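See structure below.
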There are 2 protein chains.
Amino acid sequence: MRSTPTVYDVAEHAGVSIATVSRVYRSPATVRVETRERVLAVARELGYVPSGSARGLASRTTGVLGLCFPDFHDTEAEGAPDADDAELMLYVDEVIRGMERAARRHGYALLIAASVAGGPGQSVSDMAGRVDGLAVLAQTVPEDELDVVARRLPVVMLANPPDRARDHVEVANFDGQLALTRHLIKDHGLRRLAFVGGPEDSPDGEARFRGYQAAHLAAGLPLPDRPDARSDLTQAGGRLAAQALLDRLSPRPQALVFANDQMAVGGLHALGERGLRAPDDIAVTGFDGIPLGRLVTPTLTTVRQPMGQLGEQAVALLLARLADHDRPPEARVLATTLTRRASCGCADR
Amino acid sequence: MRSTPTVYDVAEHAGVSIATVSRVYRSPATVRVETRERVLAVARELGYVPSGSARGLASRTTGVLGLCFPDFHDTEAEGAPDADDAELMLYVDEVIRGMERAARRHGYALLIAASVAGGPGQSVSDMAGRVDGLAVLAQTVPEDELDVVARRLPVVMLANPPDRARDHVEVANFDGQLALTRHLIKDHGLRRLAFVGGPEDSPDGEARFRGYQAAHLAAGLPLPDRPDARSDLTQAGGRLAAQALLDRLSPRPQALVFANDQMAVGGLHALGERGLRAPDDIAVTGFDGIPLGRLVTPTLTTVRQPMGQLGEQAVALLLARLADHDRPPEARVLATTLTRRASCGCADR
DNA sequence: CGCGCCTCTGTAAGCGCATACATCACCCTG
DNA sequence: CAGGGTGATGTATGCGCTTACAGAGGCGCG
């Protein structure tokens, strides 16, 4: 009784076998009411809490789903009015929420871990060893590691994966960026745009760029063959890229189209430093729809992703595969919506 | 080889014993380099992923910390410009973030679960069975359940607990509300304030009310003996309470002081419905510092809590107790900061 | 009255790993 | 060259639970 009580203790005190104790928790219906209540009473008295590890070992299922996301801690968080809460403006929060809620609805708990910048190797298989299914945000885990993990349990990517052999839920990046770019071209009459992309290995970023290209195509404008600049997907990256671009492009572009909101916010800062103003001197757009976009001046025109849905759909796909290991890979595509605010010249302020 | 490989498979293929395989992962330094690499190579080839459950069972530690939070899904999310993202404006996101980061720094993963409205009983001990330590947000779990769980593992409360016998990290609710109320009285010259509290069993809410009282005391104003109204801590609740208050109090109060931001936002709506404007007709204040407070009109004067810190400190306390089971209960108090915005008459707009 | 069947409970065998302890080879010291 | 270390590995056990299987009553039915 010194250490934490186990089934054995409960069984002994209740005068039953450990199997019965186990059944009280696993399949209460198969135990006579009287017995069940006696066991539960003893358990309560003893402070018995079933060991998740033991249960996991014996039943070969953990009742936990996992979520890996990149650690987007944007240290240069100067975009927000107070640096303090810039960090809570990131979209993974929404994904976490959505996923937690969906998981809980289905009786699962959620294990979360940002990928460690340094050695991700450990963390992923660490996670994989603890969960029944794993959702991975884009750019978090190298493909080959995922392959290893996927041999062991269901894995769903939360982004457009390089190949389509994996379950994934993606967002209509192409369509969204197409709509946004068309808006700039058609509605605002802009013709010389510049695109600031993310890393080349970001499938989302690349898909957005293709949407950007398509809008040019549709409008009969010259087809940009690649992003005018690239950087990582942070505010700092966006600012640097914008600075470089403003230095480099002699007829200043009429719009800076960023691959995501954080970069766009960084871009706004770069403009400010140059004494330029959006949207008067140059339009600016982002992608994602993070809350921060509404707090900056001017408010940021963007394409909003349904991030809560990302999490929900991830759970749905994981459960589907858990139920049928051999089903064909499925892709869920979530629609985006164009959010016109001030930075493209739509709203005032 | 059909099913997922285990230490036995790896050991056999590498020509070593399972103990050596285990050591390769647990204490690599004790294995000869040559052996270690052979084992790792085999493991990689086989797609071996150590089972968290088995490890947990054998080592009696899971490497996971848990966080229970209330499901504050504010269905009446009309406060936000788009209802969609009202849900990501809640402060638990920040706590989750802070805790995840701190946990990861110390080699732990984070298991999260909102308390199920219906039957919380199961979820808590479910969690407890899977983690090495548990952080619990106020009002999430009944005290007696916590007592049971606390016999098994370290538990820290993220709020002012009813008794001080538990590790907890609290926020300086009293001081914060005192400062805020004094600001209204001294700087804005208001004398007839009304306080809208939360449920009586919310320790935070009660502490805030005591700060409110103290400010009256210090200013020589009549001491309010209890909140002028109470409601649950949601927008809907705040709105209803404000409506009732405006109907009831015949000389309209000069300020509505809400126990938290969400209620205050609801209160702003109530004012709008009455054709009243803050701060001109009546000042309004909140408590927490949620991002939503900056998005509403007028922007919300509030007291900001360092919520990320809440999570970080929770981890610190859990680790401390894990290291020394017999240390006396510790309380960490986090300072708050008064954030003056428009709704009290400080900023414009 | 005997048989099959159903309900409830017990028995026993792992689940995959960590780890104390034993073993063994080898090196150093005197 | 013996004796004591030291480092690397193997052996064996148990962590706390689930679950197939077996057993024991009790029931209805022919």
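Numbers restart at 1 for each chain; the letters A, B, ... are given by sequence-line order, proteins then strands. Just so we're clear, the structure is a prediction, and the values are computed from it rather than from any experiment.
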Between A:D93 and A:R97, is there a side-chain N and carboxylate O pair less than 4.0 Å apart? no
Can you give me every donor-acceptor pair (side chain of residues 305-317 of chain A, partner residue at least two apart or in another chain, under 3.5 Å) with its distance?
from	atom 1	to	atom 2	distance (Å)
A:Q305	NE2	A:D288	OD1	2.7
A:Q309	OE1	A:Q313	NE2	3.1
A:E312	OE1	A:R105	NH2	2.9
A:Q313	OE1	A:R332	NE	2.8
A:Q313	OE1	A:R332	NH2	3.1

A correct 5'-to-3' footprint of nucleotides 14-25 of chain D, with B, S and - meaning base, sugar-phosphate only and no protein heavy atom under 4.0 Å, is BBBBBB------
A:R130 CZ to C:dC15 P, in whole Å, measures 22 Å
d(A:L137 CG, A:L67 CG) to nearest 0.5 Å is 6.5 Å
B:R32 atom CZ is separated from D:dT6 atom C1', nearest whole Å, by 15 Å
Review point. Are A:Y25 and A:Y48 close enough that their ring centers fall under 6.0 Å?
Key: yes
Here the distance between atom C1' of C:dT9 and atom CZ of A:R36, to the nearest Å, is 14 Å
Ion pair present between B:R321 and B:D132, side-chain N to carboxylate O less than 4.0 angstrom? no
